[in-house]
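Counting from 1, the numbers follow the sequence of the chain as shown.
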Amino acid sequence: MHRPLLRSRPLHVLLTIGTIALTAALPLAAQTTSPADDAGLQRLGREIARLAEHGGGVVGVAALHLETNRWVFLNGEKRFPMASTYKVPIAVQLLSRVDRGEIALSDMIELEPEDLHPGSGTLTSLFDDPGVILSVHNLLELMLLISDNSATDLSLRAAGGPEAVNVKMAQLGIDRLSVDRPTSLLIADFVGVHVAPEDGRLSMEEFQRLARDLNPAAREAAARAFSTDERDTSTPHAMARLLESIWHREAVGPESTELLLDILRRVETGAGRIKGLLPLNTVVAHKTGTIGGTTNDVGIIYLPDDTGHVVTVVFVKDSELNAERREAAIAQIARAIYDYFLFNPGS
């Protein structure tokens, strides 16, 4: 039976705790439970708000128990830089094209020097000589498993570009999540490098040369501007809705869904974030993202003993704390979410 997603224009219930606003978005489905309806969810919301203070900056959280549709949000409608978590919507659009037969996972793509970008250690090491060719499947795995940025930009091109990704999000009824730039331009804007090619195809050597010429004041100004730029951002609510649609096989077809979840379960980055304090061998299908004062992790936690699955989104932005402390805050929030839904499975 087709299950309705959370759509735009939801009813909002606002719980204010000190200066922290907890927002629960209610779809039209009557079975949804929000903190306003459940004292236990209210306690979880207060605990999330308390733990969020350890992240520094601004923290956004979404938690959804997929089997019972119980939600909790912190800053649920505030925009956060997605950083590399934006590779999840890119993957969805790429696999949508595969489902429609427009491309195949076996299609081969040749890499050129202009395709190698910062944050691409694996592909850079492979590119000793011209003529490296990888399949779409290879690029998808590199993009998600190790967050390779060159593989991401090639995957984004194969997906049809940012506009195609945003059209796909709109088709899923997901707003306030947008993919607007390849990683090369995103990183260039963050550090203050002005890249002329609109497609972001700039050799690593040229990028490094331009970056060396920047003075500290220019870098700081670029970082401040990046913090308020709404491009390549999402709300916790929107990202949670995307993960929900993936889980329910509504974002892409069943075969593509299984492939995507399998890759996300094998992600190698961010062991200290959502997974950091969970019991050993807890399965989490997730994707991390990091840039400047932003540290993110988004995914689905698999609870033991058939007690369900929990979409968990934690965004941290504008934090001056070091990466370890931000990751610790994400881990603490994820553990609170895990414990609550494990011991309160609902019906």
Side-chain angles (χ1 to χ4, degrees), residues 55-60 75 78-87 89-90 111-125 127 143 146-157 161-163 165-166 176-235 269-270 288-297 315-327 329-330:
V58 183
V59 177
N75 292 321
K78 187 180 290 291
R79 280 188 175 269
F80 291 80
M82 285 187 284
S84 285
T85 67
Y86 93 149
K87 296 168 185 179
I90 291 173
L111 278 70
E112 299 178 2
E114 293 77 14
D115 293 320
L116 297 178
H117 302 143
S120 309
T122 298
L123 287 190
T124 300
S125 65
F127 203 85
M143 173 176 71
I146 61 171
S147 212
D148 188 282
N149 286 340
S150 296
T152 299
D153 290 349
L154 289 164
S155 296
L156 179 58
R157 197 182 312 159
E163 183 177 353
V165 177
N166 294 333
R176 297 176 66 77
L177 183 161
S178 64
V179 172
D180 302 288
R181 294 165 288 187
T183 66
S184 57
L185 292 183
L186 189 154
I187 295 171
D189 287 339
F190 174 73
V191 301
V193 169
H194 298 291
V195 179
E198 292 185 0
D199 62 2
R201 299 189 73 198
L202 185 72
S203 71
M204 188 82 77
E205 292 76 12
E206 181 65 8
F207 184 96
Q208 291 171 343
R209 184 190 67 78
L210 292 170
R212 281 195 300 268
D213 293 339
L214 291 171
N215 59 55
R219 288 179 180 272
E220 290 178 10
R224 286 195 301 273
F226 184 88
S227 177
T228 59
D229 192 340
E230 290 199 349
R231 290 178 295 172
D232 302 298
T233 62
S234 175
T235 66
T269 58
T288 57
T290 309
I291 189 168
T294 289
T295 301
N296 303 329
D297 202 0
F315 290 142
V316 181
K317 71 173 182 177
D318 298 332
S319 177
E320 296 183 358
L321 301 179
N322 61 35
E324 289 76 14
R325 292 179 67 183
R326 294 181 224 163
E327 290 192 337
I330 292 173

Say whether, by atom type as modelled, one donor and one acceptor occur between the side chain of [X] and the main chain of [Y] under 3.5 angstrom.
X	Y	result
R326	G56	no
D153	T183	yes
N296	K317	no
S84	T288	no
K87	S147	yes

Could you list the residues that satisfy side-chain contact (heavy atoms from CB on, under 4.5 Å) with [X], not counting sequence neighbours?
X	result
E230	R79, T233
D213	R209
A225	none
D180	N166, S178, R231, D232

Counterpart residues, side chain to side chain donor-acceptor pair (under 3.5 Å), relative to S234 (two or more places apart):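 Once residues adjacent in sequence are excluded, S234 has no partner under the side chain to side chain donor-acceptor pair (under 3.5 Å) criterion.
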Heavy-atom closest pair, residues [X] and [Y]:
X	Y	result
V59	F80	C-CZ, 3.7 Å
M143	T152	CG-OG1, 3.1 Å
G289	A83	C-CB, 3.7 Å
S319	V316	CB-CG1, 3.9 Å

Spacing of F315 atom CZ and D297 atom CG [to the nearest 0.5 Å]: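 Interatomic distance, F315 CZ to D297 CG, rounded to 0.5 Å: 10.0 Å.
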Set of residues satisfying ring pair (Phe, Tyr, Trp, His ring centres under 6.0 Å) with respect to Y86, sequence neighbours excluded: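 Y86 satisfies ring pair (Phe, Tyr, Trp, His ring centres under 6.0 Å) with no other residue.
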